[in-house]
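So that the names make sense, note that chain A is the first sequence line, chain B the second, and so on, each numbered from 1.
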Number of protein chains: 2
Amino acid sequence: MAKFLIADDHPLFREALQGALANHFSELTLREAEDLDSTLAALNKDDDVDLLLLDLHMPGSGDLYGLIRVREDYPLLPVAIISGSEDSSIVAKCIGFGALGFIPKSLPSAEIAEAIDTILQGETWVPKENRERLDVVSDEDQELAQKVSGLTPQQYRVLHFLHEGLLNKQIAYQLGITEATVKAHITAIFRKLGVYSRTQAVLVAERLQL
Amino acid sequence: MAKFLIADDHPLFREALQGALANHFSELTLREAEDLDSTLAALNKDDDVDLLLLDLHMPGSGDLYGLIRVREDYPLLPVAIISGSEDSSIVAKCIGFGALGFIPKSLPSAEIAEAIDTILQGETWVPKENRERLDVVSDEDQELAQKVSGLTPQQYRVLHFLHEGLLNKQIAYQLGITEATVKAHITAIFRKLGVYSRTQAVLVAERLQL
DNA sequence: AACACTATTAGACCATAGTCTAGATTGATA
DNA sequence: TATCAATCTAGACTATGGTCTAATAGTGTT
């Protein structure tokens, strides 16, 4: 009897996916999460989840951070990325950072079930179009991902805004904290990423497409 | 009778290319340049050059800037990029920014000549491996390239160091000017690129892979 | 309960970044 | 030659960025 966790901020899509899965897996327990925090909380509570179906664009999880974070805390858990886009460089990065599969939302439900079967057997599955160009992620990028996974959620949010080119003042307003606190976070981010200026931090974020 | 300009900072390679071309083009005048400044100077002096063979990595020309700059001043001149690398995203960007051809240095001389023939007839030529993925460069990128082409060479150098994550002080040392001057250049760069902070300028540079 | 550990918060303080103004130099043009 | 325009240069000044110190609160450990 399989237990899946669906992490997607779109309630309608969670429902649809649930329906598609119910038809193909007779004995199935489903858990749901709608943002990165609740995903991590759910994984913490249920230690026997067989598969995580993870949306790339959830609150608190801009692009690759969610995957990096989950892989850091639960390296043995099979993860299938569910995504609206299917840009091949993103697909390659997801696999490179440890996802077992990449399932576009546009896929018919029968094929989604097939893909999940493959993944449950421990094999990788990506859309046909992307099977050729699965460039390996470089050692440096792996190392950077390692460092980024050490950021706290709040620090990650700050890095995200840094990457948008916002001033400290603007970041403070966005997060509802003072500028002094933003600066403290930024100093901590520098330490963890091993850089010494905001431009370098932004370049790290850019490189990992966070 | 054809007149080519070879722009490459490697004297040995210029010589080799010259030899290869002499065998295939009977009537041929060759000019040479070893950096971006001398390339622009040579084009300015000789207004009847039929083809520019442009190396991507020349002093003063980090990646795409050389091409963008030449295209700005001489939009009608056929340009063939000569490059050691053959990364497909770079190939696509070169064609997108107006080069008629992309010739890897690893190509045998007979094929180089063939490629140049094709280009002289006004058709694009890229290596077989790269012919499929010639993604069109987006309008926004075109617009950014337009803006970057308006930078003076010194301003471009400053942008380059910004992109490396250097402090103003370090840039000043590298260029042998005072920090005050660096700041003045940076302000000018912001104006021309339409941004208001160094992080945003760095993101522009990153996006164009300068 | 007492402990160590870490995230979050923020104030005070110094360093760096960025603007404004302005003189010097160069190149094109009348 | 005179002149205009653009670039490069840099000093003085203000805004923003970044460090250090320290208090608070939460977490897991002994």
For a quick check of understanding: with a heavy-atom distance under 4.0 Å over all strands, which category does [X] fall into, base, sugar-phosphate or nothing?
| X | result |
| --- | --- |
| B:Thr181 | base |
| B:Thr187 | base |
| A:Tyr196 | nothing |

Those residues that, when tested against A:Phe97, pass ring-ring contact (aromatic ring centres under 6.0 Å, His included) (two or more places apart): none

DNA chain C base-pair string [pairs: Watson-Crick or G-U under 3.5 Å; |: paired with another strand]: ||||||||||||||||||||||||||||||

Contact nearer the 5' end of DNA chain D, comparing A:Ser197 with B:Gln155: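 Of the two residues, B:Gln155 wins.
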
A:Lys192 vs A:Ala184, nearer the 5' end of DNA chain C by closest nucleotide: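 Its nearest nucleotide being more 5', the pick is A:Lys192.
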
Of B:Arg198 and B:Asn44, the one whose closest DNA chain C nucleotide lies more 5': B:Arg198

Approximate separation, where rounding is to 0.5 Å, of [X] [atom1] and [Y] [atom2]:
| X | Y | atom1 | atom2 | value |
| --- | --- | --- | --- | --- |
| B:Thr199 | A:Leu167 | OG1 | CG | 7.5 Å |
| A:Gln142 | A:Ile68 | CD | CD1 | 9.0 Å |
| A:Phe161 | A:Gln174 | CZ | CD | 4.5 Å |
| B:Asp55 | B:Ile103 | CG | CD1 | 12.0 Å |
| B:Ile186 | B:Leu159 | CD1 | CG | 9.0 Å |
| B:Tyr156 | B:Leu151 | OH | CG | 9.0 Å |

Which atoms of nucleotides 22-27 of chain D (N or O only) lie under 3.5 Å from a protein N or O atom, and what are those distances?
none

Euclidean distance, atom NZ of residue B:Lys183 to atom P of D:dT14 [Å, nearest integer]: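 Rounded to whole Å, this separation is 14 Å.
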
Spacing between A:Leu193 atom CG and D:dG18 atom C1', to the nearest angstrom: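 Taking CG of A:Leu193 and C1' of D:dG18, I get 15 Å after rounding.
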
Of B:Glu179, B:Arg198, B:Lys183, the residue whose pairing with B:Asn168 passes side chain to side chain donor-acceptor pair (under 3.5 Å):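 The option that passes is B:Arg198.
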
Identified side chain to side chain donor-acceptor pair (under 3.5 Å) partner of A:Gln155 from the options A:Lys192, A:His185, A:His160: A:Lys192

Stretch residues 167-180 of chain A: residues that reach within less than 4.0 Å of DNA chain D through a heavy atom: A:Leu167, A:Asn168, A:Lys169

Salt-bridge criterion met for B:Glu206 and A:Arg207 (N-O under 4.0 Å):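 Salt bridge between B:Glu206 and A:Arg207, a charged N being under 4.0 Å from a carboxylate O: no.
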
Nearest heavy atoms of B:Ile90 and B:Leu56, plus distance in Å: CG2-CD1, 3.6 Å

With sequence neighbours excluded, residues passing side-chain hydrogen bond (donor to acceptor under 3.5 Å, both in side chains) with B:Lys3: B:Asp46, B:Asp48

Chain A footprint on DNA chain C, 5' to 3' - any atom under 4.0 Å from a heavy atom: C:dA7 to C:dG11

B:Tyr196 atom OH, neighbour heavy-atom count above 12 within 6.0 Å: yes

